[in-house]
Amino acid sequence: MICLTLSSPTLELCQEEIRKNREYIDMAELRLDLLDPEEMKRASLFPSMTDVPVILTLRRECDGGRCTLPERQRRAILVSALDGDFKYVDIEEDIKRNEVEIKAREKGVKIIRSFHDFEGMPEDIYSRIYRLSERGDIAKAAVTPHSVQDLMTLFRVADELKDVPKIIIGMGEWGVPLRILYRKSGSMLTFASDREVAPGQLSAKSLKTLYHADQVDDRTAIYGIIGNPVHHTSSPQIHNPGFRAINYNAIYLPFLVDNVKSFFTLAEYLRMRGFSVTIPFKTSVLMYLGNITREVKQIGACNTVVRVPGMWKGINTDYYGFLKPIFKDIESGRIKSALVIGAGGASQAIVWALRNRGVKVTILNRTLSHAEELAALNYCSYDTLENASKYEGTVDLVVQTTSVGLYPDFDMSPIEGFRFTGREIVYDIIYKPKMTKLLKEAEKAGCTLHFGEEMLLEQGKLQFEAFTGYHYPKGL
Ligand code: ATR
């Protein structure tokens with residue numbers, strides 16, 4: 001079930017939140033602590049104002065809520081609210097036998113026994129969840145993973161407690177896969193929100209219509225994208241609709257990664273079928289691959305990993321995705337020389353692609369030695385970013401491949417003050433924002449622009465073929 005956490009100050013506004021999200025949700029949680037104080041007293045009316053089952057919650061400040069009332073008063077409010085027809089009530093782990101519990105049991109309201117950890121993950125998480133469920137209640141653990149390893153622990157705990165009625169939530173960005181794959185982890189529900197909230201929270205609309213999270217089952221093939229940062233990615237918007245269009249029971253989701261090795265363990269554990277690779281892992285994944293294509297070998301970077309029998313195989317779709325939008329200009333001779341800013345994984349594919357087509361390339365990079373290494377592999381020249389102005393007016397194409405200018409730091413350019421003549425074709429591979437600072441400056445000078453989203457889409461289509469064996473559906 002997808003459960004919308006209501007966050008409006010009045011019952012009527014909460015009702016409106018449900019109405020707006022009705023087609024995406026199965027239930028809602030009324031957080032009394034987020035209501036205006038006067039509204040709390042009317043809470044018992046709420047279940048009759050909506051057609052979805054409602055969880056009653058009055059969260060204390062120490063558990064991340066806003067309720068600062070003395071405990072006795074807090075419980076009195078919950079008891080009075082239970083006059084309404086709530087289906088569930090959330091009672092914190094440390095609240096022993098009390099009047100809220102007694103009334104809930106009398107009325108047949110299911111109890112969710114919860115504990116929260118905003119700092120990390122309790123060592124005894126397994127036994128705590130198990131204990132909470134002992135009296136037939138639904139155990140709820142909302143904890144804060146800080147690494148892939150922590151995420152893996154949560155999937156494992158969830159798996160081992162397969163038959164225990166539970167809700168396991170990984171708060172923050174690291175927990176996103178668990179929120180999306182809540183059915184895989186045997187959680188009764190996942191929480192969604194209607195407005196811009198904490199990192200990691202997803203809207204009900206994206207859970208339902210982008211990820212189809214409520215339809216994941218044991219046979220769903222899992223794909224994803226690894227990166228750091230990763231949550232700005234648009235790749236889920238390419239692959240998920242593609243999977244649906246070809247009727248493939250599969251899901252594609254973002255994984256924030258700190259350690260590639262741990263991620264491969266998680267990927268095996270989840271029996272993933274493949275994943276995309278973005279900043280900064282395009283080179284560090286190589287050592288975990290059992291098979292690579294000729295392009296990956298020559299480029300030295302991989303942006304696509306697929307499962308083949310007994311091993312992981314690395315492919316590079318960046319180079320062709322990059323070339324496609326400027327292919328004609330290279331073929332026609334309009335592009336003969338290029339300045340490539342950056343010498344990281346993405347740059348490796350781009351420099352190779354250009355050199356492979358006979359374009360003369362100069363690499364400019366912050367760290368000269370990285371530029372030098374890449375230049376030596378591809379027979380091109382190199383320099384530092386500080387010398388960028390030396391190359392003004394000398395090239396047909398300028399390609400920006402670093403992460404400088406990427407959301408949220410969009411007011412930056414790696415070649416601040418570079419003077420374009422207006423004759424250059426300027427291509428920034430960043431796609432969020434579409435119009436980077438560098439591209440704005442190029443546009444002012446009258447240059448022809450190419451955007452990261454063109455490359456993203458082209459490389460994504462090829463990735464889709466590698467993942468599924470099907471062409472990307474037309475018209476999506
Ligand atoms: P990717 O695999 O996506 O290319 P990467 O391998 O981490 O990511 O490469 C990042 C590129 O952005 C590198 O060229 C890096 O320069 P260094 O070689 O000097 O590290 C460049 N880069 C990252 N942050 C930068 C910054 N603040 N200023 C200039 N260049 C930067």
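Remember, it's 1-based here, ligands and their atoms both numbered in the order they're listed.
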* Measure the CZ-NZ distance between F155 and K184 for me, rounded to the nearest 0.5 Å. => 9.0 Å
* Nearest 0.5 Å, what's the CE-CG distance between M455 and D428? ->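 Going from CE on M455 over to CG on D428, the span is 11.0 Å.
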By number and element, which atoms of ligand 1 are closer than 4.0 Å to a non-hydrogen atom of [X]?
X    : answer
S403 : 12 (O), 23 (C), 24 (N)
G342 : 14 (O)
A346 : 1 (P), 2 (O), 4 (O)

* **Heavy-atom pair of closest approach, residues T220 and D217** =>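 Of all heavy-atom pairs spanning T220 and D217, the closest is OG1-N, 2.8 Å.
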Nearest non-hydrogen protein atom, [atom]:
atom                    : value
atom 10 (C) of ligand 1 : G344 CA, 4.3 Å
atom 12 (O) of ligand 1 : T402 CB, 3.2 Å
atom 2 (O) of ligand 1  : G345 N, 3.1 Å
atom 16 (O) of ligand 1 : N365 OD1, 3.3 Å
atom 7 (O) of ligand 1  : P280 CB, 3.8 Å
atom 28 (N) of ligand 1 : V404 CG2, 3.5 Å

* Asked: Under the 3.5 angstrom rule, does the side chain of H212 hit a backbone N or O of T209 as a donor-acceptor pair?
  ->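 Pair found, side chain donor or acceptor close to backbone of T209.
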* To do: Kindly say whether K336 contributes a backbone atom to a donor-acceptor pair with the side chain of D396 at under 3.5 angstrom?
  =>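 Here the side-chain-to-backbone pair exists.
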Does [X] come within less than 4.0 Å of [Y], counting only side-chain N to carboxylate O?
X    : Y    : answer
E17  : K20  : no
R156 : D159 : no
D214 : K208 : yes

* Asked: Taking non-hydrogen atoms only, is T367 closer than 4.0 angstrom to ligand 1 via side chain, backbone, both or neither?
  -> both
* **Pairwise side-chain contact, S203 with Y24, heavy-atom cut-off 4.5 Å (strictly under)** => no
* Which residue from I415, V277, I279, L374 reaches closest to atom 8 (O) of ligand 1 through any of its heavy atoms? -> I279
* **Closest to atom 26 (C) of ligand 1 (judged by heavy-atom distance), picking from M412, R366, H370** => R366
* Looking only at heavy atoms of L385, does any of them come nearer than 4.0 Å to an atom of ligand 1? -> yes
* To do: Determine whether any heavy atom of P414 lies closer than 4.0 Å to an atom of ligand 1.
  => no
